[in-house]
Peer 1: 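My structure is below; once you've seen it, I'll send some questions.
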Amino acid sequence: MKYWLMKCEPSAYSIDDLARDKTTRWEGVRNYQARNFMRDEMRAGDKVLFYASNADPSGVTGLAEVSREGYPDAEEPWTLVDIRFVAKFPQVISLETLKETRGLEDMVVTKKGSRLSIQPVTKTEYDIVVKLGRKK
DNA sequence: GCCAACGTTGGC
DNA sequence: GCCAACGTTGGC
C-alpha cells in the first residue's frame with residue numbers, strides 16, 4: 001500500500017467534480033517523473049491526497065484512491081490511472097497549515113519549488129493530513 | 001553532452 | 001497577473 005498526493009487546479013478539476021463523477025481518468029500528465037510513478041509504482045487501492053493547486057487557498061481538499069492501475073494514454077508515451085472519490089474534507093487543509101504542521105516538514109509539497117504533480121507521501125504524512133482533514 | 005532559450009507550474 | 005523555479009528542447 002502506497003500513498004500519494006495528486007495535484008490539480010480546481011478550475012480544471014476539483015474534489016467536487018470527483019465527488020460527482022465518483023471516478024475519473026487522470027489524464028494530461030506530461031511530466032516523466034509523475035508518469036513513472038503512475039506507470040511503475042501506483043497500485044489499485046493506493047491512497048491519494050487530492051490537492052488543489054493555484055487555488056484560494058491551495059491545499060488538500062479531500063481523499064481519493066487508485067481505482068485502475070497505470071495504462072497507456074492514447075498519446076505516446078504517456079500513462080494514466082483512474083482514481084475514485086473517497087471523501088471531501090469539511091475544510092481545505094491549506095499549504096500554509098501543512099507547512100506549519102509538525103511531522104510534515106519533509107513532505108514534498110511543502111518544499112519550495114515543488115512542481116511535481118504526483119508526489120509520493122509517507123504513511124505517517126498521510127495519516128497526519130487525514131487527521132487534520134477530519135477536524136471540524 | 002552542454003547549456004541557453006523557452007514553456008509551464010504554481011505560490012503569492 | 002507576476003515571476004521564480006523548474007523541466008524540456010534543440011543548436012552546437
Side-chain angles (χ1 to χ4, degrees):
Chain A
M1 167 77 63
K2 290 188 174 166
Y3 300 85
W4 307 94
L5 179 145
M6 295 171 79
K7 287 185 193 171
C8 192
E9 302 197 14
S11 59
Y13 200 80
S14 72
I15 191 73
D16 291 321
D17 293 323
L18 185 61
R20 182 197 62 218
D21 296 343
K22 305 301 177 200
T23 174
T24 194
R25 293 156 58 88
W26 204 254
E27 294 172 301
V29 172
R30 293 294 180 266
N31 171 280
Y32 286 103
Q33 211 179 337
R35 183 213 52 188
N36 292 347
F37 284 137
M38 289 197 289
R39 189 190 59 189
D40 305 333
E41 297 196 41
M42 278 191 169
R43 293 293 171 261
D46 281 2
K47 306 293 188 186
V48 174
L49 299 173
F50 193 96
Y51 182 92
S53 60
N54 257 318
D56 188 22
S58 295
V60 179
T61 54
L63 303 174
E65 63 186 28
V66 178
S67 57
R68 183 178 174 190
E69 293 180 13
Y71 57 101
D73 194 300
E75 198 176 323
E76 289 284 334
W78 303 108
T79 294
L80 61 155
V81 297
D82 292 355
I83 63 168
R84 178 193 305 132
F85 176 76
V86 171
K88 179 185 175 180
F89 286 162
Q91 80 268 322
V92 179
I93 307 308
S94 69
L95 180 59
E96 188 185 9
T97 301
L98 297 176
K99 285 179 177 171
E100 288 169 350
T101 302
R102 287 189 56 191
L104 302 183
E105 296 84 359
D106 294 329
M107 211 173 160
V108 180
V109 76
T110 65
K111 300 266 169 74
K112 188 178 173 190
S114 129
R115 300 183 352 184
L116 193 58
S117 65
I118 298 181
Q119 308 176 353
V121 168
T122 68
K123 174 168 176 23
T124 306
E125 290 162 350
Y126 178 86
D127 288 343
I128 291 171
V129 175
V130 169
K131 194 178 283 185
L132 286 172
R134 290 210 174 116
K135 266 189 218 161
K136 301 282 179 188

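Hydrogens, waters and symmetry mates play no part in the numbers below; they use all other heavy atoms, side chains included. Chain letters run A, B, ... following the sequence lines, proteins first, then strands; residues in each count from 1.
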Peer 1: Can you sort out the partners of A:Tyr71 under ring-ring contact (aromatic ring centres under 6.0 Å, His included), two or more places apart, ordered by chain and number?
Peer 2: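 In terms of ring-ring contact (aromatic ring centres under 6.0 Å, His included), with neighbours along the sequence ignored, A:Tyr71 is linked to no residue.
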Peer 1: Below 4.0 Å from chain A heavy atoms, what is the first contacting nucleotide of DNA chain B and what is the last?
Peer 2: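 Using the under 4.0 Å cut-off, the span is B:dG7 to B:dC12.
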Peer 1: Transitive ILVMFWY cluster of A:Tyr32 at side-chain heavy atoms under 4.5 Å: who else is in it?
Peer 2: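 Cluster partners of A:Tyr32: A:Trp78.
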Peer 1: What pairs with A:Tyr51 under ring-ring contact (aromatic ring centres under 6.0 Å, His included), at least two apart in sequence or on another chain?
Peer 2: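 With neighbours one apart ignored, the set is empty.
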Peer 1: What salt bridge (charged side-chain N to carboxylate O under 4.0 Å, His left out) pairs are there with at least one residue in residues 1-29 of chain A, not counting sequence neighbours?
Peer 2: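 Found A:Lys2-A:Glu41, A:Asp16-A:Lys88, A:Asp17-A:Arg20, A:Arg25-A:Glu27.
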Peer 1: In residues 48-64 of chain A, which ones come under 4.0 Å of DNA chain C, going by heavy atoms?
Peer 2: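 Under 4.0 Å from DNA chain C: no residue of residues 48-64 of chain A.
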Peer 1: Strictly below 4.0 Å, heavy-atom distances to any atom of DNA chain C: list the hits from residues 29-40 of chain A, or just say none.
Peer 2: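 Here the set is A:Asn31, A:Tyr32.
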Peer 1: Of all residues at least two apart in sequence or in a different chain, which pass the ring-ring contact (aromatic ring centres under 6.0 Å, His included) check with A:Tyr126?
Peer 2: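 Result, ring-ring contact (aromatic ring centres under 6.0 Å, His included) vs A:Tyr126: A:Tyr3.
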Peer 1: Tell me whether A:Ile93 is reachable from A:Val130 by hopping between hydrophobic residues (I, L, V, M, F, W, Y) whose side-chain heavy atoms are closer than 4.5 Å.
Peer 2: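 As far as the 4.5 Å side-chain criterion goes, A:Ile93 and A:Val130 are connected within one cluster.
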Peer 1: Would you please name every residue forming a side-chain contact (heavy atoms from CB on, under 4.5 Å) with A:Pro57, sequence neighbours left out?
Peer 2: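 Listed in chain order: A:Val92, A:Ser94.
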Peer 1: Please list all pairs meeting salt bridge (charged side-chain N to carboxylate O under 4.0 Å, His left out) that have one or both residues in residues 97-121 of chain A, counting only residues at least two apart or in different chains.
Peer 2: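 Not a single pair qualifies under salt bridge (charged side-chain N to carboxylate O under 4.0 Å, His left out).
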Peer 1: Going by the rule side-chain contact (heavy atoms from CB on, under 4.5 Å), which residues pair with A:Asp127 if we only count those two or more places apart in sequence or in a different chain?
Peer 2: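 Testing A:Asp127 for side-chain contact (heavy atoms from CB on, under 4.5 Å), a comparison that skips the adjacent residues, returns A:Lys123.
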Peer 1: May I ask you to say what A:Lys111 touches in the nucleic acid, namely base, sugar-phosphate or nothing, with a heavy-atom cut-off under 4.0 Å?
Peer 2: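 A:Lys111: no heavy atom of the nucleic acid under 4.0 Å.
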Peer 1: Residues two or more places apart in sequence or in another chain: which of them pass side-chain contact (heavy atoms from CB on, under 4.5 Å) with A:Ser67?
Peer 2: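 With neighbours one apart ignored, the set is A:Thr23, A:Asp82, A:Arg84.
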